[in-house]
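These values consider heavy atoms only, across backbone and side chains, with no hydrogens, waters or symmetry-generated copies. Chain identifiers are assigned alphabetically (A, B, ...) following the order of the sequence lines, protein sequences preceding nucleic acid strands; residue numbering begins at 1 within each chain.
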Amino acid sequence: MIEFQNVSKSYHGKAVIENLSLHLEKGKITVIIGSSGSGKSTTLKMINRLEEHNAGKILFAGEEIASIPVEQLRCRMGYAIQSNGLFPHWSVAENIACVPNLLKWDKQKIARRVDELLEVLDLSPEQYRDRMPHQLSGGQQQRVGVARAMAADPEILLMDEPFGALDPVTRASMQKEVRRIHRLYGKTILVITHDIDEALYLADHLILMDKGAIVQQGAPMEILTQPANDFVRDFIGRSDIGLKMLSLQTVESHMVPGEYRAGCGVISSDIALNEALSRFISEQSDVLNVTGADDVHLGLVTFSGLLKIPALQSQMGRGA
Amino acid sequence: MSTQAIKARANQAIWLFLGLLVAFSVGMPHLETVFHALFPKLARPVYLQTSFVDLLFSHIWLVVVSSVISVLIGVGVALFVTRPAGVAFRPLVETVVAICQTFPPVAVLAIAAPLIGMGSSPALIALVLYGLLPVVQSSIAGLTSVNPAVLEAAKGLGMSPFDRLRRVELPLALPVILAGIRISVTINIGTAAIASSVGAKTLGTPIIIGLSGFNTAYVIQGAIVVGLLAITTDMLFELLQQRLERSVNNTEKN
């Protein structure tokens, strides 16, 4: 979907991106993570030409982006930033309708699309359509921001630290939302973040950047199990790499057959393993009953069973 | 008293002052007995050479024309120095406009009148120069106070520079710009009275004639009408700003 070929960018003679080549696969969530000044945000902004690159080529669906008129290019890409980017003088519906209006969609089609997106993002259209941004909570504003980015059904969704201003609880729920939307529409998504947990949770493909270059890229599990160097190890947090590995897998993947054990706790099959570990400890038990949808007993998960690391490719069974 | 009640009271006050303005302009000749009682030594205690309605309209006309020119120039200049191409000129513009404000309007009139003749033209020049500063300052302040994240979102979503200006920057800057226009117009209503000294027909005419002829009654009559005009206009702007605020912040907040 997006291809960087030896791209460089400098400000006043000082290089911020050097000879960057990367590929964003269609229908996948790619997350670029790095500390501030790593060039991650610049990388995203070069895609919708909020920053122009100085050398190399950036291809969007096979076309060089410099050859596409800039406003047209941006209308084909959804763009979401921190919650304060909503237009404060427009209602929720007008905010979401921004790009469809620029593309001169038919009024009824726009109204239908606005309601559909509000529905998808768990905001009841009747209640929220006519509210102003300042009447929404931070989380709701962010939902509207995401809806606005997706309004004209863009070919790729660019999210620049979208949840940076949210509290941890709202943040976690927005991350779930992004995965849910991704399952629903199968969009190509690029997320920029400095939060390793957010990156591990969202990414199909994770790119770690430092000083304008890629340090390591791959599936999250691959980076956790085979960090390329000390920088990567530090970044992903040496001490709790194990816990992070657990967080990438669900109870389902470690379930063993077994009858229902009376007196042991019950855990849902789609819960992440780090939460299962916490339950083992807090309940002082080494076996938990696993249930699926509708509380059907599926099997057991054991404390020692958590030690198994599955082959790298079997990641949570989420993906596109 | 709630803010709502205060605002309702203020809206009623506009009608009161508007009524007083009309009453004094139309009914000034009928106040002859009152002014005669106040100033028994004056042979003609009410200014009658031109009707006050006439003076009021030419005063308003002078202020409207000069303010429209000030706003067009002021907002235009502010737009220019807040675009990337004009940023370098911003300090220069701010200095020049501030200098315009330091000239006393009387001095501008005194210099302009011999150059371009007596009448409304030198008055217009003085008023335009004098009204420029508040408009330029508030427009620059308004345009630069727009949240950069909002502008970046507008850009990133694909709005053209013109769309961004028309649909995002100007609407968001408008309350601040309007505050500057309000100051500029209110100042110019007072300043326009001085323009009578170079022959422009304004509500200042009775004041100037009264001052030179030791006729205090004329001075008071002119001052009352100018004062009422300034207060009424200021209140109208207040109303306009409230409307604007409501349309931006919706009803629930007020």
Within this structure, what is the CG-CG distance for the pair B:Leu157 and A:Asn101, rounded to the nearest 0.5 Å? 11.5 Å
In this structure, SG of A:Cys98 is separated from CZ of B:Arg167 (nearest 0.5 Å) by 6.0 Å
On a heavy-atom basis, which atom in A:Pro88 and which in B:Leu172 lie closest, and how many Å separate them? CG-CD2, 3.6 Å
If you draw a 6.0 Å radius around OH in A:Tyr185, do more than 12 non-hydrogen atoms from other residues or ligands fall strictly inside? yes
Interatomic distance, NZ@A:Lys45 vs NZ@B:Lys155, rounded to 0.5 Å, equals 9.5 Å
Please test A:Arg74 against B:Met159 for side-chain contact (heavy atoms from CB on, under 4.5 Å), starting from the C-alpha separation and ending with a verdict. CA-CA 8 Å; A:Arg74 288 172 186 159; B:Met159 283 194 198; over 6 Å; no
Looking only at non-hydrogen atoms, find the nearest pair between B:Ala153 and A:Gly85 and report the distance. CB-O, 3.4 Å
Looking at B:Phe237, I want to see if its CZ is surrounded by more than 12 non-hydrogen atoms of other residues, nucleotides or ligands under 6.0 Å. yes
For A:Gln108, I'd like to know if atom CD has over 12 heavy atoms of other residues, nucleotides or ligands within 6.0 Å. no
For a quick test of reading the model, state the closest non-hydrogen atom pair linking A:Glu71 to B:Ser160 and the distance between them. OE2-CA, 3.4 Å
In terms of heavy-atom contacts, does CZ of B:Phe89 have more than 12 from other residues, nucleotides or ligands at under 6.0 Å? no
